[in-house]
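Just below is one structure, and these are the notes that go with it.
Note that this is a predicted model, so its numbers are computed, not measured. For this chain, numbers begin at 1 and follow the sequence in order.
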Amino acid sequence: MSRTPRATRVLNTALGPFVTGYRDPAGSWAKAVAQVEKQAGAQDRTFADDLGRIIEGAAEIPGLSPLGWFLISNEVKGKYANRLRVGRVLAENPQVAEEQIIAPVFVCGLPRTATTLAHRVLAESPDHRGPLTWELQHTMLHDPGTERKVIKQLQQGLSLMELFAPGLQEKHPMYIDRPEESVLFFAHGVHWLLQRGPMPSYSAWLADYDVLAEYEYLKLGLQVLQHGREPKRWVLKYPGHLSDMDTIRHVFPDATFVWTHRDPVTVIGSCASLLETLQGMVQHEVDPEVVGRTVLDHLVTQVNNGLETRMNLPPSSIVDVPYHKLSADPFTEVPRLYAAIGARWTARDQKTLAEVIAKPKGAPSHQYDLSRYVDRAEAAAAFAPYNRMLDRLDLRDATPAIEL
């Protein structure tokens, strides 16, 4: 049985008679496209048609709820609106495309391996910058007045998340004005399947999709956000970057990867618990075993892709960060990380680190049970190649450490 909150069940009952777009996904999306294009005064039909694949797949999710359809439809509409917004900026300001994105840092590694810690500390350095949550959702040139309105509007939507998914902030804290995962900017990817549920037709389409388009689009987004401001070194984060390091180096030839490592078996339960919560917002009932299988298959593929890709990358382009050392002694390991990527460590960075690792008094911790999702022995066997690398490079330690 799933753990769908009461507020979500009540809202689904109320929305049921009115939210019916999933019965005709193509027609529903055509209306949404027309609405977005009218508001933007522009169009990108190829992009819109590709987004329609997500809408088609969403209608296939088992047990899709009215709230789920509403949330997914609005998210996809937002992706199209942002694409047209970026396109308009570039059309009106062609010089934006000349912005140089120099030596960006991509924090990757399996989920729940302190990627958030590494990202936030690096991104908040005076010399660095990470794209903020609202910037990834509403990408625009710097305009303080408009920004305040956008932030206020998006904050209202983010605040509702805790109502539909109680405990989500404990599992993945998210703030509208702090750096967030670059996947928020992406249009396509396996994250739709992980966070929303099975979408057979979209999964099949995605298998032949060239992810290069996402990173070329990401570069455009960074150029827009950088234009008119002091250029700083971009720091981005998303566990999925692990599968795309070769593509990233194609688009950003001087990129550096910060790969965080942790015994993968300790990761799966936490990741599956987070995804069960996210899927619970869009499905009437979530099967934890299906979630566990999906998570295991995806993470094994992700890490194996990373292992293969790193063989063809310059050793200097990858900085390995062991979770157990980072969590046990962050005030030693984080300065070492800065040095490894060629960044300077300052007193301000020291202060930021102290703030990042300090949990609010009385803050609940993320509780989960691995056996709810997968068999421990099966998971350990699936990650055997990765564990061999961790042991060879002395990057694994089973000793419990503080959760970061």
Side-chain angles (χ1 to χ4, degrees), residues 104-120 122-123 130-131 172 179-186 188-195 206-207 209-215 218-219 234-268 270-272 274-275 294-324 326 337 340-341 379 382-393 395-396 404:
V105 176
F106 287 80
V107 178
C108 51
L110 294 176
R112 328 308 285 177
T113 60
T115 52
T116 298
L117 169 67
H119 180 226
R120 184 176 171 193
L122 289 172
H172 182 81
E180 190 46 71
E181 293 186 359
S182 43
V183 71
L184 278 186
F185 187 74
F186 287 175
H188 296 284
V190 72
H191 59 280
W192 287 106
L193 311 177
L194 291 169
Q195 297 177 8
L206 196 61
Y209 179 70
D210 189 352
V211 73
L212 175 64
E214 295 302 316
Y215 288 98
L218 176 62
K219 182 177 180 180
W234 285 99
V235 181
L236 302 112
K237 171 220 169 185
Y238 173 44
H241 290 323
L242 195 58
S243 289
D244 305 327
M245 291 191 292
D246 52 349
T247 302
I248 292 171
R249 288 282 288 191
H250 178 79
V251 178
F252 305 95
D254 53 356
T256 296
F257 302 97
V258 172
W259 187 343
T260 55
H261 299 279
R262 186 182 188 184
D263 186 330
V265 175
T266 68
V267 165
I268 297 171
S270 177
C271 183
L274 170 62
L275 294 178
T294 302
V295 169
L296 179 59
D297 290 346
H298 170 66
L299 295 188
V300 169
T301 299
Q302 181 176 290
V303 78
N304 285 344
N305 287 343
L307 290 175
E308 181 178 354
T309 301
R310 71 179 288 155
M311 299 291 290
N312 301 315
L313 295 178
S316 60
S317 69
I318 299 178
V319 179
D320 292 303
V321 180
Y323 175 91
H324 67 281
L326 182 62
L337 170 58
I341 66 170
F383 284 106
Y386 179 53
N387 281 330
R388 284 196 292 270
M389 187 202 76
L390 295 184
D391 291 336
R392 186 173 68 253
L393 299 180
L395 296 172
R396 182 163 63 140
L404 295 174

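- Residues that satisfy the ring pair (Phe, Tyr, Trp, His ring centres under 6.0 Å) test with His119, not counting sequence neighbours, are absent from this structure.
- Within the 4.5 Å cutoff, the side chain of Tyr386 has no heavy atoms near those of the Val300 side chain.
- Taking all atoms of both residues into account, the shortest heavy-atom contact from Val303 to Leu242 is CA-CD2, 3.9 Å.
- Atom SG of Cys271 sits about 8.5 Å away from atom CG of Leu110, to the nearest 0.5 Å.
- Distance check: Arg249 CZ to Asp244 CG gives 14.5 Å after rounding to the nearest 0.5 Å.
- Every residue two or more places apart in sequence or in another chain that forms a ring pair (Phe, Tyr, Trp, His ring centres under 6.0 Å) with Tyr215 is listed here: Phe186, His241.
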side-chain contact (heavy atoms from CB on, under 4.5 Å) between Asp263 and Leu390, intermediate numbers included: CA-CA 8 Å; Asp263 186 330; Leu390 295 184; 5.7 Å; no

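- In this structure a side-chain-to-backbone donor-acceptor pair under 3.5 Å is missing from Ser317 to Leu313.
- In terms of modelled atom types and a separation under 3.5 Å, the side chain of Glu214 and the main chain of Gly189 share no donor-acceptor contact.
- Between Leu307 and Thr309 the shortest side-chain heavy-atom distance does not fall below 4.5 Å.
- If you take OG1 on Thr256 and CD1 on Ile248, they are separated by 11.5 Å, rounding to the nearest 0.5 Å.
- Shown here for Leu236 and Pro131, the closest heavy-atom pair between the two residues is CD2-CG, 4.0 Å.
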Starting from the C-alpha separation in whole Å, work towards a yes-or-no answer on side-chain contact (heavy atoms from CB on, under 4.5 Å) for Asn305 and Thr301. CA-CA 6 Å; Asn305 287 343; Thr301 299; 3.7 Å; yes

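- We find that Asp246 and Arg310 are not joined by a salt bridge, their nearest charged nitrogen and carboxylate oxygen being 4.0 Å or further apart.
- Asn387 and Pro264 make their closest contact through OD1-CD, 3.2 Å (heavy atoms, listed as atom of the first residue, atom of the second, distance).
- Exactly one residue among Thr113, Val258, Leu117 makes a side chain to side chain contact (heavy atoms under 4.5 Å, CB included) with Val321. That residue is Val258.
- For Thr266, the side-chain hydrogen bond (donor to acceptor under 3.5 Å, both in side chains) criterion is met by Arg262, not counting sequence neighbours.
- Across Val319 and Ala340, no two heavy atoms sit closer than the pair CG1-CB, 3.7 Å.
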Verdict with supporting geometry, Tyr238 and Phe106, ring-ring contact (aromatic ring centres under 6.0 Å, His included): CA-CA 8 Å; Tyr238 173 44; Phe106 287 80; over 10 Å; no

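- Side chains of Lys237 and Thr116: a donor-acceptor N/O pair is present below 3.5 angstrom, by distance only.
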Between His261 and His324, is a side-chain contact (heavy atoms from CB on, under 4.5 Å) present by the stated rule, with each step listed? CA-CA 8 Å; His261 299 279; His324 67 281; over 6 Å; no

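- Taking all atoms of both residues into account, the shortest heavy-atom contact from Leu326 to Ala114 is CD2-CB, 3.8 Å.
- Evaluation of the side-chain hydrogen bond (donor to acceptor under 3.5 Å, both in side chains) rule for Trp192 yields no partner, not counting sequence neighbours.
- Under the rule for a side-chain hydrogen bond (donor to acceptor under 3.5 Å, both in side chains), the partners of Asp391 that lie at least two apart in sequence or sit in another chain are Arg396.
- With contacts defined as side-chain heavy-atom distances shorter than 4.5 Å, the pair Pro239/His298 does not qualify.
- Judged as a side-chain hydrogen bond (donor to acceptor under 3.5 Å, both in side chains), and not counting sequence neighbours, Gln195 has no contacts.
- Between Pro104 and Asp254, the shortest heavy-atom contact is CD-OD1, 3.6 Å.
- Between the side chain of Thr260 and the backbone N or O of Cys108 there is at least one donor-acceptor pair closer than 3.5 Å.
- Here the side chains of Ile268 and Phe383 are in contact, with some heavy-atom distance below 4.5 Å.
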